[in-house]
J.: 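Below you'll find the structure I mean.
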Amino acid sequence: MLRRILGLVGWIGAALVFAAVAIRFTRPEWQRWYSALAIAGLVCTLLYMLSQWREIGRSFSGRQARYGTLSIASVIIVLGILVGINWIANRQNKRWDLTASGVFTLSEQTRKVLQTLPNPVNIKVFAKGEDFDRYRDKLDEFQYVSKKVNVEYVDVYKRPAVAEQYQIQQEGTVVFEYGGRTERATNDSEQDLANALIKAVQGKEKTVYFVQGHGEKDTTGSDRTGFNGITQALKTDNFKVEALALAQKNAVPDDATVVVIAGPRADYLPGEIDMLRAYLKKGGRLLVLLDPPARADSPQLTNLASLLHEWGVQAGNDVVVDVSGIGRLIGTDASVPVAVNYPSHPAVERFNLMTAYPLARSITPVSGGVEGRTAQTIIETSPNSWAESDVKALLATGKVERDEKQGDKPGPISLAAAVSVAAPEPPPPAKPANQVETPDNSETKKPETRVVVVGDSDFAANGFLGLPGSRDLFLNVTNWLAGQENMIAIRPREAQDRRLAMNADQQRRVMWLTIFIIPGLIIVTGIHTWWRRR
């Protein structure tokens, strides 16, 4: 009788364990019942095993039992190894992205912004519960890179009060909170999420002024020579773009973070040069994109070149020619020098993308510097290039022939130079009201003046902005000028479309191959093997 009761207890224990497992996966909200049933089932099973200890002992006395015991022990050891590996992996997290285009890898810029976060950032995703997974792909990476990122997923239908508190107007809104500031993104792409993060961290936009009035590039132009593409890119880095007509001003605006002169065709007036000179002496930041003469009779930009010389940069009166053959990879000729070499400088730190410069002039540091202002080359062409001094003959005939006796300078040729020095005449530091200046709170470090000159403006125009490095180079240089070194990196790329398009006949062949031919071959091979063994 007791044996029957204990046997029934064993069956009851097994039933309780199965019920606990079923509740665990089908009714997670019944957590307390799951735990109670699991414990009761295990106790019943243990009582049954204790009542059968003689039979269990005898079952291990035979040869087959010993083999079975070894098999069970092997399984337990393997399970133990797997548990150990998972335990280690849970504490030493390492991820690999095996996709061809790096879909699940954050860009260098996003990683730098995350790694340099001084304070925690809170991210709230407002969407339907079933849509959370498409945001986790990127936001889990955010948390993996930085421990200062906190992510919360809010179902707008289950928690409408929270959605109302944050004034959510549409599903799929991601809110970034940092230092009392709030920014929003309405897309799950890395570019949109990173832009919202950058704006939340930086706060107020910095202003980039493009000088107009001398034939410079049109910041709103959508044609191949226009600059609306690069101005949109500047906005993604939290810059505000404005036009600046120096002839209508008395000075460069005080809120100018960076002033850009992009491809002027006429020289600047002495009064305009004086305004730029005063701006630089106070710690201004200037980016000059200086094209070579478009025609043999084009006027020289003497005043602007003289200003650049004051800061240790020499604009060559030449055209750079590149016969290395690299340009053929992008469908250009020798008049478009291509650069893959960027001498060490913060503005081009770890930059390794190819850039091309349609009809460029050499930009070199003045030997020995000027009044302590020493520039540095940041872009160089290949050794199979040179600076053609006979610009009139080159533009008239189009013939490419190197002649050092005529003054042609052999490559590699410097296409851009940068200089940074302490501002000669810094403005007095802003002092809060009612604060008495003491040696402890007085400003001791002078603001820096930074200047970058590039011998071409078309590399940043719409027609060449599609090349891998053009956009990133312009933005990195601008961020260096603005003092935002943490933004100098390679930016997020759009995921490539790698879908395989097949017509009806190809789809039918794939179906026959996968459903009938391959499984049929496996079955035939199995039957053949069985027949031979038989």
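Because the structure is predicted, anything quoted here is derived from the model rather than measured. All values below were derived from every heavy atom in this structure, side-chain atoms included, with hydrogens, water molecules and symmetry-related copies excluded. Numbers here simply count residues along the sequence, with the first being 1.
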J.: Salt bridge between D458 and R224, side-chain N to carboxylate O under 4.0 Å?
T.: no
J.: Looking at every heavy atom in both F132 and V125, which two are closest together, and how far apart are they?
T.: CE2-O, 4.1 Å
J.: Check V149 against F142 and note the closest heavy-atom contact, atom names and distance.
T.: CG2-O, 4.0 Å
J.: Check whether more than 12 heavy atoms from other residues, nucleotides or ligands sit under 6.0 Å from atom NZ of K240, and answer yes or no.
T.: no
J.: Using the six-membered ring of F126, assess whether NZ or CZ of R184 lies under 6.0 Å from its centre and within 45 degrees of the ring axis.
T.: no
J.: Rounded at 0.5 Å granularity, tell me how far CD in E171 sits from CG in D131.
T.: 7.0 Å
J.: Given Y342, which partner from the list N352, N476, T355 fulfils the side-chain hydrogen bond (donor to acceptor under 3.5 Å, both in side chains) test?
T.: T355
J.: Using a 4.5 Å cut-off on heavy atoms from C-beta on, say whether the side chain of L234 contacts that of L475.
T.: yes
J.: Would you indicate whether the side-chain heavy atoms of L197 and L114 approach each other to under 4.5 Å?
T.: yes
J.: Do the non-hydrogen side-chain atoms of V201 and V121 ever get within less than 4.5 Å of each other?
T.: no
J.: State yes or no: are the ring centers of F459 and F464 separated by less than 6.0 Å?
T.: no
J.: Determine the minimum heavy-atom distance between N462 and G221, stating which atoms define it.
T.: ND2-O, 3.1 Å
J.: So, for F176 and A200, which heavy atoms are closest and what is the spacing to 0.1 Å?
T.: CB-CB, 4.2 Å
